[in-house]
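Computed over heavy atoms, backbone and side chain alike; hydrogens, waters and symmetry mates excluded.
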Amino acid sequence: LGTKTRGRHSVGIVGAPFNRGQPRDGVESGPDLIRAAGLLQKLTQQGCAVKDYGNVTCDDVPADEPFGCVKNPRTVGRANEQLSHTVATVKREGKTCVVLGGDHSLAIGSIHGHASVQGQLGVVWVDAHADINTPLTTPTGNIHGQPMSYLIHELHSKVPVVPNFSWIKPCVSARDIVYIGLRDVDLGEHYILKHLGIKMFSITEVDRLGIAKVMEETCDHIFSQVQKPVHLSYDIDALDPTVCPATGTPVVGGLTYREGVYITEHICQTGLLSAVDMVEVNPKCGRTDHEVKSTVNAAVDLILGCFGRVREGSHPSDYCISQP
């Protein structure tokens, strides 16, 4: 999988400063904020070989009229096509790709580019939301709530061809997906998840089983037939807003800092992590500098956990915010 070089993780960083998959400005600042918090230096300090590929170009497409109720389709489609090419380049160079968002619509290009090089993937989607609405079921039209629907083989016949999306070929099987942390799922999404039999652990299941059991079952499910590269797509709103308030669609009752980091540590230990998305950090949604810093620092720590960081000496309480 090209995840390690001479015993070290070999990491390629890609910024996707993109905000058109949802209505809030600010999320495009995520990649540079995460870098500014010392991500590359900290990865290097824990023994990773790191290359920064810079930011992909995410220009608006003029006269980008809605497709049905789907908003900004041409702009989202073009940005994701660019990202897909860049992620494919990182993977061909034998590195574990880390995509810094940006909103979660960019998972389309990230997973597509990853699969174009690696083939069959296991996808672990950590999120308060399922992001599996189709253009026909979406209640908002925001594509950050739809990325999985464009990528799943079993949904191909249910998804119309959206402008600037014709390049996308479904590349993930429903049986190879696991959701963790769900707690705000639309009715249409609930039907799709049940109909396709997709494995999911709602936050209630996390409470009932504990995060260690959830991760054990996640890996048993993904690797039940064959070991395959893992794509971890991590929305920062999976964590509770007391930990990560600076995000566009926070939902109370989320993962703790410790549970969130444990997910990354467990996947790291499989030796099969091949790409990571870290998305939806939005400084404009933080009420104070402390809220922004807490969210950005948590994003950095989640990424570090993907590459072997040991938590002895770290202080999760640094990332907690007292309720107003």
Worksheet item: Looking only at heavy atoms, what is the nearest atom pair of His266 and Cys219, with distance?
Response: CD2-SG, 3.6 Å
Item to complete: Using the test side chain to side chain donor-acceptor pair (under 3.5 Å), find all partners of Asp131 that sit at least two apart in sequence or belong to another chain.
Response: His104
Discussion item. Does the structure place the NZ or CZ of Lys194 under 6.0 Å from the centre of the six-membered ring of Tyr191, at an angle of no more than 45° from the ring's axis?
Written reply: no
Fill in: Criterion side chain to side chain contact (heavy atoms under 4.5 Å, CB included) against Asn80, the qualifying member of Ile143, Thr75, Leu106
Leu106
Discussion item. For a 4.5 angstrom cut-off between non-hydrogen side-chain atoms, does Glu280 reach Cys244?
Written reply: no
Practice prompt. Please determine if Arg78 and Glu81 form a salt bridge, counting it only when a charged side-chain N lies under 4.0 Å from a carboxylate O.
Written response: no
Worksheet item: Once the angle between the rings of Phe165 and Tyr150 is folded into 0 to 90°, is it parallel (under 30°), tilted (30 to 60°) or perpendicular (over 60°)?
Response: tilted
Worksheet item: Can a donor-acceptor pair be found between the side chains of Thr247 and Asp237 at a distance below 3.5 Å?
Response: no
Worksheet item: Is there a side-chain contact between Lys51 and Ile13, using heavy atoms and a 4.5 Å cut-off?
Response: no
Item to complete: Just do the side-chain contact (heavy atoms from CB on, under 4.5 Å) check on Gln146 and Ile132 with the steps written out, would you?
Response: CA-CA 5 Å; Gln146 305 170 41; Ile132 200 170; over 6 Å; no
Discussion item. Does any part of the side chain of Pro160, heavy atoms only, come nearer than 4.5 Å to the side chain of Phe67, both counted from C-beta?
Written reply: yes
Discussion item. For a side-chain hydrogen bond (donor to acceptor under 3.5 Å, both in side chains) check, start with the C-alpha distance between Asp59 and Thr57, then their side-chain angles and the critical distance, and finish with the verdict.
Written reply: CA-CA 6 Å; Asp59 294 332; Thr57 302; 5.4 Å; no
Discussion item. Applying the side chain to side chain contact (heavy atoms under 4.5 Å, CB included) criterion to Ile236, which one of Thr295, Val27, Ile34 satisfies it?
Written reply: Thr295
Worksheet item: Do Tyr234 and Leu239 come close enough that some side-chain heavy atom pair is under 4.5 Å?
Response: yes
Worksheet item: So with a 6.0 Å cut-off around CZ of Arg74, is the heavy-atom count from everything else above 12?
Response: yes
Item to complete: Taking Thr137 for its side chain and Asn133 for its backbone only, find out whether a donor-acceptor pair lies under 3.5 Å.
Response: no
Worksheet item: Looking at side-chain heavy atoms only, is the closest gap between Asp176 and Phe223 below 4.5 Å?
Response: no
Worksheet item: Do the side chains of Ile152 and Ser173 get nearer than 4.5 Å, heavy atoms only?
Response: no
Practice prompt. Check the hydrophobic clustering (I, L, V, M, F, W, Y; side-chain heavy atoms under 4.5 Å; chains of links allowed) and say if Leu121 and Ile263 are grouped together.
Written response: no
Response to the item:
Test side chain to side chain donor-acceptor pair (under 3.5 Å), reference Ser274, set His114, Lys95, His231, Lys228, output is His114
Fill in: Within-4.5 Å side-chain heavy-atom neighbours: Ile192 and Met148
no
Worksheet item: Only one of Thr242, Asp240, Asp301 forms a side chain to side chain donor-acceptor pair (under 3.5 Å) with Tyr257, so which one is it?
Response: Asp301
Worksheet item: Do side-chain atoms of Glu291 reach the backbone of Arg287 as a donor and acceptor pair under 3.5 angstrom?
Response: yes
Worksheet item: Is there a donor-acceptor pair under 3.5 Å between the side chain of Ser166 and the backbone N or O of Val162?
Response: no
Worksheet item: So do the side chains of Val126 and Tyr179 get within less than 4.5 Å of each other, counting heavy atoms only?
Response: no
Discussion item. Can you pull out every side-chain hydrogen bond (donor to acceptor under 3.5 Å, both in side chains) where at least one residue sits in residues 154-165? Sequence neighbours excluded, please.
Written reply: none
Fill in: Same apolar cluster: Leu182 and Val124, side chain cutoff 4.5 Å
no
Item to complete: Inspect the contact between Arg35 and Asp52 and indicate whether a charged nitrogen and a carboxylate oxygen are less than 4.0 angstrom apart.
Response: yes
Worksheet item: Does the Arg309 side chain pair with the main chain of Phe307, one donor and one acceptor, at a distance under 3.5 Å?
Response: no
